[in-house]
There are 2 protein chains.
Amino acid sequence: MGPTIKDVAKKANVSTATVSRILNDLPGYSKETKEKVMKVIEELGYQPNAVARGLVSKRTQTIGVLFPDVSSMFSSEILNGIEDTAHELGSSVIVCNTDRDGKRTMKYLQLLQEKRVDGVIFTSEVLTEEYYETLMDMQVPVVLVSTASYRYPLPYVKVDDKHAAYTATEYLIQNGHTQIAMISGRKEDPIAGAPRVEGYKQALSDYGIPIHEESIVYTDGFGFQQGQESFPRIAEKLPEVTAVFAASDEMAVGAMSAAYQLGIQIPDQLSIIGYDNLKIAEMSIPPLTTVAQPLYQMGEVAAKLLNEMLRTGSSVESRIMPHHIVERCTVKRMK
Amino acid sequence: MGPTIKDVAKKANVSTATVSRILNDLPGYSKETKEKVMKVIEELGYQPNAVARGLVSKRTQTIGVLFPDVSSMFSSEILNGIEDTAHELGSSVIVCNTDRDGKRTMKYLQLLQEKRVDGVIFTSEVLTEEYYETLMDMQVPVVLVSTASYRYPLPYVKVDDKHAAYTATEYLIQNGHTQIAMISGRKEDPIAGAPRVEGYKQALSDYGIPIHEESIVYTDGFGFQQGQESFPRIAEKLPEVTAVFAASDEMAVGAMSAAYQLGIQIPDQLSIIGYDNLKIAEMSIPPLTTVAQPLYQMGEVAAKLLNEMLRTGSSVESRIMPHHIVERCTVKRMK
DNA sequence: ATGAAAGCGCTAACAG
DNA sequence: CTGTTAGCGCTTTCAT
């Protein structure tokens, strides 16, 4: 193996304590010894052992992050923000792909516990009691991203889903649309499901537009396929619709794909607005108008909050992140 | 803090050695003691400390993975494969976003060394001498993904870029195209640049089609924007072109976007084939025909190779992964 | 089958 | 300013 702090101490004729002090720049050594030690470190190519350090300091400078699907554009953008920030703050991140599987999630939580990570960021899934319990056991700070829990007092960072959905729908209305359908995710999803539907309804209601339950199609996810499959249903049943609000960009793009197959021109014959502002939104044809979630920043903020909790030992406030409409080319101005 | 092995030992009236043996199922204890100990472990909610274990065993069950851009669809697919496999094999993965920055990469390499990761996977970038040196210092197995080094003897897993480009071009030819342009990445890129251009040229040449250097446009990356920006140049200069081979799906989609702006119908007026088979390929309108790289499997294989090297201590063979055409809707059959 | 004891490489009192 | 000495929690000879 490589040289240890002992080797350095010996060669520099000092104690390991002194070397340690220098390494952690704690007070207690002369300029000369520091120089001498640094030189030896250089010569030996000494690299401190973070594992040993972690054993005594009880800090591993590592955080764990759980994603339902690391390879999704959604998750990877958040990961990017977390990683950049954690790195800046001197921590590494261990990624965990839960695959939306309870068993697997629990296994990961346990793993993270054994690895003694300093904290964990839990994203996009609903926090079950089981998760919460073991998270509490771990005795480490936790922050939720793109999810929240009403039952458990954990800080979260997310946009206001209802509000964002309201904004999206309102945008459609302000562009002259009144026959607006919605492609929703899972009805039962307490985070990305129901609230967005509520926001949609609220906007219609506030603008005096009647709400028709048949205008909402519920799916079992937020993917391209769900959008693609559900669009024909609305195209067929609701021919009078001029605009649709999709609860995710992937669904929006799926819907556009289906519309294309059906020979429906977007935005000429039908307007569509998405939700998320993933990379794909600007790459679609035509580019997708959408309500943006600041995913990168959400990751960034989460990492910072975690760090803050670590540093101060106290808890922090949740953060409602701002959302905003990104106007591109899929919504037509009516009238 | 939580209970330690000592607490377990004491409460079970055995030595820590025995508990350790049971935990690692090594021989040397009766069925009765095992049961007794397991019960205590349960009662105490004992969780072994992987940090302490790592200190003595010199294995952290953690690997480091470097990506130029974690949030790209390309990287995240590879990450997914690595993560799933590493997890199956009992390891965690620390992700490092190098941002294509030499300094940052070096910092990460150093960090991984301090953290005593068991191995590292280096992806998509060219391996400089500096990287190689410190990687060697680390004394841990390394595998390259989607890149390779002719100077240094490290195992890699990638497709045969020249061959894959050949296949893509050949597909166009077999569909009756003879006026074929190419949108390439950086000319100097020894992995994804030159080889793909060579494959393209070789295919033309093998089929007796004259090669025009002007039919190749070089860009400074593989992104959507590069494709979008360079397409107009070929549309303008080479009106006779009926098909284009883009060296990445993102570029292909960018090109399609530009074509759309220009009112050029795909595939009716122009065919296009991409490279990678990212998720976006099936989400584009129309769905993109492309030559697929098995990204997930590449990650999977890399993780397995790394594990193999760790297990046996010996080196392994590189893997050329199979590529294949995914026929979708952007290539028109001529004549 | 089981225990005692020596570390792994580092930090952190406590002495000087 | 600097060294000595305990550990951190675990594994691993070496005895018994």
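Chain identifiers are assigned alphabetically (A, B, ...) following the order of the sequence lines, protein sequences preceding nucleic acid strands; residue numbering begins at 1 within each chain.
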Counting only side-chain N and O atoms of [X], is one of them less than 4.0 Å from OP1 or OP2 of [N]?
X: T18(A); N: dG3(D); result: yes
X: K58(A); N: dG9(D); result: yes
X: T33(A); N: dC1(D); result: no

Tell me the interatomic distance from [X], atom [atom1], to [N], atom [atom2], rounded to whole angstroms.
X: K36(A); N: dC1(D); atom1: NZ; atom2: P; result: 14 Å
X: K34(A); N: dC1(D); atom1: NZ; atom2: P; result: 13 Å
X: I22(B); N: dT11(D); atom1: CD1; atom2: C1'; result: 14 Å
X: K6(A); N: dT4(D); atom1: NZ; atom2: P; result: 12 Å
X: I5(A); N: dG3(D); atom1: CD1; atom2: C1'; result: 13 Å
X: Y29(A); N: dT2(D); atom1: OH; atom2: P; result: 10 Å
X: L26(A); N: dT2(D); atom1: CG; atom2: C1'; result: 14 Å

Quick check for you: to the nearest 0.5 Å, what is the distance between [X] atom [atom1] and [Y] atom [atom2]?
X: E43(A); Y: D7(A); atom1: CD; atom2: CG; result: 13.0 Å
X: S146(A); Y: I121(A); atom1: OG; atom2: CD1; result: 12.5 Å
X: T85(A); Y: L305(A); atom1: OG1; atom2: CG; result: 10.5 Å

Strictly distance-based, threshold 3.5 Å: is any side-chain N or O of S318(A) a donor or acceptor partner for the main-chain N or O of Y156(A)? yes

Does V14(B) reach a base, just sugar-phosphate, or nothing at all? Heavy atoms under 4.0 Å.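 Counting heavy atoms under 4.0 Å across all strands, the contact made by V14(B) is with sugar-phosphate only.
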
With a non-hydrogen cut-off below 4.0 angstrom, is S30(B) in contact with a base, only sugar-phosphate, or nothing? sugar-phosphate

Please determine if [X] and [Y] form a salt bridge, counting it only when a charged side-chain N lies under 4.0 Å from a carboxylate O.
X: E133(A); Y: R151(A); result: no
X: E42(B); Y: K39(B); result: no
X: E300(A); Y: K304(A); result: yes
X: D101(B); Y: K107(B); result: no

For the residue pair F122(B) and Y131(B), does the interplanar ring angle fall in the parallel (under 30°), tilted (30 to 60°) or perpendicular (over 60°) class?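 Answer is tilted, since the angle falls between 30° and 60°.
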
Distance-only donor-acceptor test (3.5 Å): side chain R116(A), base dG9(D): no

What's the closest nucleotide to the T4(B) side chain, out of dT4(D), dG9(D), dT11(D)? dG9(D)

Of all the choices, dT2(D), dG7(D), dG9(D), which nucleotide is nearest to the side chain of R21(A) once you look at every atom?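 Among dT2(D), dG7(D), dG9(D), the one nearest the side chain of R21(A) is dT2(D).
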
Which of residues 38-52 of chain A have a heavy atom under 4.0 Å from DNA chain D?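 Hits under 4.0 Å, by residue number: none.
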
Criterion side-chain contact (heavy atoms from CB on, under 4.5 Å) against V140(A), the qualifying member of V120(A), I63(A), D118(A): V120(A)

From the 5' end of DNA chain C to its 3' end, which nucleotides mark the outer limits of contact with chain B, defined by a 4.0 Å heavy-atom distance cut-off (strictly under)?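 Contacts span dA1(C) to dG9(C), reading 5' to 3'.
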
Go nucleotide by nucleotide along DNA chain D from the 5' end; which of T16(A) and K31(A) gets its closest nucleotide reached first?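 Result: K31(A).
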
Please figure out whether L23(A) or N13(B) has its closest DNA chain C nucleotide nearer the 5' end.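 The answer here is N13(B).
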
